[in-house]
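One is the number of the first residue; the rest follow in order along the sequence. On a predicted model such as this, the values are computed, not experimentally measured, just so you know.
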Amino acid sequence: MVERKRNLVAESLESRQLMAAVSLDTVWDQHSKRLTAPMHVTEAAGVRAAEIRIQYDPSVLTTDEESIRAGAIWEENAALVVNVDEEQGTIVAFLYTAESVPADHGDLIEIDFEYASPRSKRMSTKIDVQEVELNEGAIALDQPPVIGDDDADAWVSRQVHRRHHAHWRPPFQPSVVDTVLRDRFDDLDDRCQYGPQLPRWAS
């Protein structure tokens, strides 16, 4: 029988290489009536290139090349090549720089969407991140995006807006309630100083 020995080596967490992660978020701007979708990356040291493919529902959302820009992680130094198929609802973007960016986290890309019609605001939809490659695949992703549901995708909830008249006040507004109660109690105080009041039918 051969006796085998194995030396245990302690490995610190700091020595392990963390894998990058990407995710898409959505922010609704009520003033501009526009939906912005930034793609965030974390734990990505030495990024100098990114290739991104996204699918959206063109019957709900619309966008074009002019509505897509490089994210803050590039510090305005990245070149952007983007192609949008508005009929199929696909976005293919390639960003690159001559040198690696200093930050290891930040937004890779920002996309502005608009609703295709007033009716589409009442619909929920998904923006599917289908593929992301960093440095031509040299930077590994913890969970690479795939076609279909995954953690990198973003869900857009329906937008519900209520219209009110400019001078309309919601019921039970605190300032209104305080004024009504104060006037009521002041009226009771004025009556009490003359003693109990008889009902009108008895006077």
Side-chain angles (χ1 to χ4, degrees), residues 9-58 60-86 89-115 124-159:
V9 179
E11 180 182 5
S12 64
L13 293 177
E14 290 77 5
S15 64
R16 298 179 183 178
Q17 183 179 3
L18 298 177
M19 303 181 75
V22 294
S23 60
L24 193 68
D25 195 10
T26 56
V27 180
W28 170 253
D29 189 333
Q30 179 65 25
H31 178 70
S32 64
K33 308 297 183 183
R34 183 172 296 177
L35 184 76
T36 299
M39 175 177 287
H40 195 72
V41 64
T42 59
E43 304 296 343
V47 173
R48 57 175 175 75
E51 186 173 353
I52 301 167
R53 180 181 176 85
I54 292 174
Q55 176 81 45
Y56 63 93
D57 187 346
V60 180
L61 300 174
T62 63
T63 189
D64 53 31
E65 286 86 353
E66 299 298 326
S67 301
I68 301 175
R69 57 192 172 275
I73 194 173
W74 306 100
E75 298 182 343
E76 300 183 355
N77 293 320
L80 170 64
V81 180
V82 60
N83 179 266
V84 178
D85 188 329
E86 298 183 34
T90 59
I91 301 172
V92 178
F94 183 66
L95 305 100
Y96 61 94
T97 60
E99 298 180 358
S100 301
V101 299
D104 65 351
H105 65 278
D107 292 338
L108 291 171
I109 196 171
E110 292 183 355
I111 307 169
D112 290 335
F113 289 98
E114 293 184 357
Y115 283 100
S124 298
T125 187
K126 184 184 74 169
I127 304 176
D128 185 15
V129 181
Q130 298 185 338
E131 183 181 5
V132 176
E133 279 195 358
L134 302 177
N135 293 7
E136 294 83 31
I139 297 179
L141 296 177
D142 183 25
Q143 295 181 352
V146 297
I147 298 176
D149 295 343
D150 55 56
D151 292 339
D153 300 336
W155 282 92
V156 181
S157 301
R158 62 179 183 173
Q159 301 293 329

Once rounded to the nearest 0.5 Å, what's the spacing between atom CG of Asp85 and atom OG1 of Thr90?
4.0 Å
What closest approach, in Å, do Ser100 and Gly46 show between heavy atoms, and which atom pair accounts for it?
OG-O, 3.2 Å
Val82 side chain reached by Ile109 side chain, heavy atoms, under 4.5 Å
no
Kindly give the heavy-atom pair with the smallest separation between Leu80 and Ala93, and that separation in Å.
CD1-CB, 4.2 Å
Is the backbone of Asp104 close enough, under 3.5 Å, to the side chain of Glu43 for a donor and an acceptor to pair up by distance?
no
With a 4.5 Å heavy-atom cut-off, do Val132 and Leu134 have their side chains touching?
yes
Does atom CG of Asp151 have more than 12 heavy-atom neighbours, drawn from other residues, nucleotides or ligands, at distances under 6.0 Å?
no
Find out whether Tyr115 and Thr62 are in side-chain contact, i.e. whether some heavy atom of one side chain is under 4.5 Å from a heavy atom of the other.
no
How long is the span from the CD1 atom in Ile54 to the CD1 atom in Ile68, to the nearest 0.5 Å?
7.5 Å
Considering only heavy atoms from C-beta outward, does the side chain of Phe113 approach that of Ile127 to under 4.5 Å?
yes
Rounded to the nearest 0.5 angstrom, the CG-CE distance for Leu108 and Met39 is 7.0 Å
Can you confirm whether Asp29 sits close enough to Thr36 that some side-chain heavy atom of one is under 4.5 Å from a side-chain heavy atom of the other?
no
Any Asp25 side-chain heavy atom under 4.5 Å of Asp107 side chain:
no
Heavy atoms only: give me the nearest Leu95-Ala70 pair and the separation to one decimal.
CD2-CB, 3.6 Å
In Å, rounded to the nearest 0.5 Å, how long is the span from CD1 of Ile147 to CG of Asp153?
11.0 Å
Summary of side-chain hydrogen bond (donor to acceptor under 3.5 Å, both in side chains) pairs that have at least one residue in residues 125-137, sequence neighbours excluded
Arg48-Glu136, Arg53-Gln130, Lys126-Asp149, Asp128-Gln130
How close do Arg69 and Asp112 get, heavy atom to heavy atom, and via which atoms?
NH1-OD2, 2.8 Å
Please name the pair of heavy atoms, one in Thr63 and one in Ile91, separated by the smallest distance, quoted to 0.1 Å.
CG2-CD1, 4.0 Å
Trp28 vs Lys33 side-chain heavy atoms within contact, under 4.5 Å:
yes
Let me confirm one number: the CG-CD1 distance from Asp64 to Ile111, rounded to the nearest 0.5 Å.
11.5 Å
Phe94 atom CZ, neighbour heavy-atom count above 12 within 6.0 Å
yes
Could you check if a side-chain atom of Trp74 sits within less than 4.5 angstrom of a side-chain atom of Val47, using non-hydrogen atoms only?
yes
On a heavy-atom basis, which atom in Pro58 and which in Glu86 lie closest, and how many Å separate them?
CB-O, 3.4 Å
